[in-house]
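We count residues from 1, following the sequence as given.
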Amino acid sequence: MSQPYDVIVIGAGIIGVSTGLKLQQEGKQVLLLDPKGVAAETSAGNAGAFAFADVIPLATPGIIRKAPTWLLDPLGPLSIRPAYGLKILPWMLHFWRASWKDRYAAALKAQADLMALSKAALERQIQGVNGEHLIRREGQLQLYEGAAEFQAAMGSWEVRKAHGVQFELLDSPEAIAKIQPGIDPRFTHAGYTPEWKNVVHPKTWTEHLANAFTALGGEIANQRVTAITLQENHVKLVTDSSSLQGKHVVIATGAWSKALAVQLGDSVPLDTERGYNTTLPAGAFELKTHITFSNHGFVVTKAGEGVRVGGAVELGGLHLAPNYKRADLLLKKAKDFLPELNIQNGTQWMGFRPSMPDSLPVISFAKNSQQVLYAFGHGHLGLTQSAGTAELITDMIQGRDPSISTQPYRAQRF
């Protein structure tokens, strides 16, 4: 067995790659492990948005009353697959508790703190990898059908304002059209967040970070970790092709992290938000900004030269077959809302967002070891919070006090 690496990061999605890069930049010798390679799963197919304005957790007070509606509408913006109903019940109980006012207030503060850190950390990351050419600074429109729907959302905009989110509220189709032409006039109101950013393409961005990592001497290996055990001065990993040692190990395998955490004595209520999208070819629509149809649970955004229509949340685990009727429905709605959108020749995709009941990630030491750290459970905010997570994990490994408290993100908080 070779000498231990300073750090082995398990998972080469956006969280793992960002963490490996930050550690390598600080002089650690880092190995990234992933059975499929860089950005092979959710980090390739997401909406590519840095959603720093999305500070409000999903588990808001009163939301649990909507659960019966979710079960009755399998194609709604948030649904539970009937075949997964019993398995998701423990997660739903934690979700219910997280929606109580006391827990919600604490989660909101923790989410806002992580967003503020991640926003600043992203700018440091962009500068450190000469990545500005891969960033789109084109803002976001969040659209509402009518004054009543807009007024119902005003509380969420007040929360954003309290946490420093810059925005402009629009109250006519004409004002909306100045930012994004081609939207059906039924959308009479909007909130515009001008500081919203996207990547040119999420896979391209993650690969750019991985290239910066290897240029600094970091290593990447396509291996699947099957067992993890704690030794006196290191952590031993058994993979499908070798045995490895790390002075520290970071588990950043997204929706697949739960099984490794269990081996270390941590039972975390991690599940999956299955997201669907369709990517349309270049020329499908002249998109000028990221568009969010929040009350329909989907977005329309750029992906490379194409247009990506996707979103919704389906709680269905890792193993049930995809239900691409959800992607079809989103595309149909997008065509209805954007009449000039060409929906031909699209490519469908489904990804697994690693979801915790309180919408907060796990950024934490393992219960039984200061040599193993967790960095997973970011839900639909993995790209958004990747640079901030990388800085927190690096601080913890380097023995520094993190810039924000990591108590809210402990694996043992449930």
How far apart are the closest heavy atoms of His201 and Ala44, and which atoms are they? CE1-O, 3.5 Å
Please name the pair of heavy atoms, one in His163 and one in Ala112, separated by the smallest distance, quoted to 0.1 Å. ND1-CB, 3.3 Å
Does [X] use its side chain to pair, donor to acceptor, with the backbone of [Y] at less than 3.5 Å?
{"X": "Glu149", "Y": "Glu145", "value": "yes"}
{"X": "Tyr5", "Y": "Lys247", "value": "no"}
{"X": "Glu305", "Y": "Ala282", "value": "no"}
{"X": "Thr384", "Y": "Ala49", "value": "yes"}

Plane angle bin for [Y] and [X] - parallel if under 30°, tilted between 30 and 60°, otherwise perpendicular:
{"X": "Phe50", "Y": "Trp205", "value": "perpendicular"}
{"X": "Trp91", "Y": "Phe95", "value": "parallel"}
{"X": "Phe337", "Y": "Phe298", "value": "parallel"}

Pair Ile404-Tyr409, side-chain contact (heavy atoms from CB on, under 4.5 Å): steps then yes or no: CA-CA 11 Å; Ile404 63 173; Tyr409 320 113; 3.7 Å; yes
Are any of the side-chain heavy atoms of Ile228 and Val235 separated by less than 4.5 Å? yes
Is it true that Tyr84 and Asp271 share a donor-acceptor pair across their side chains at a distance under 3.5 Å? yes
Can Lys119 and Glu195 be counted as an ion pair, charged N to O under 4.0 angstrom? yes
Can the positive tip of Arg103 be found less than 6.0 Å from the middle of the six-membered ring of Trp100, inside 45° of the ring normal? no
Criterion side chain to side chain donor-acceptor pair (under 3.5 Å) against Ser79, the qualifying member of Arg274, Glu314, Arg326: Arg326
Pairwise distance OG(Ser118) to CG(Leu392) - rounded to 0.5 angstrom: 7.5 Å
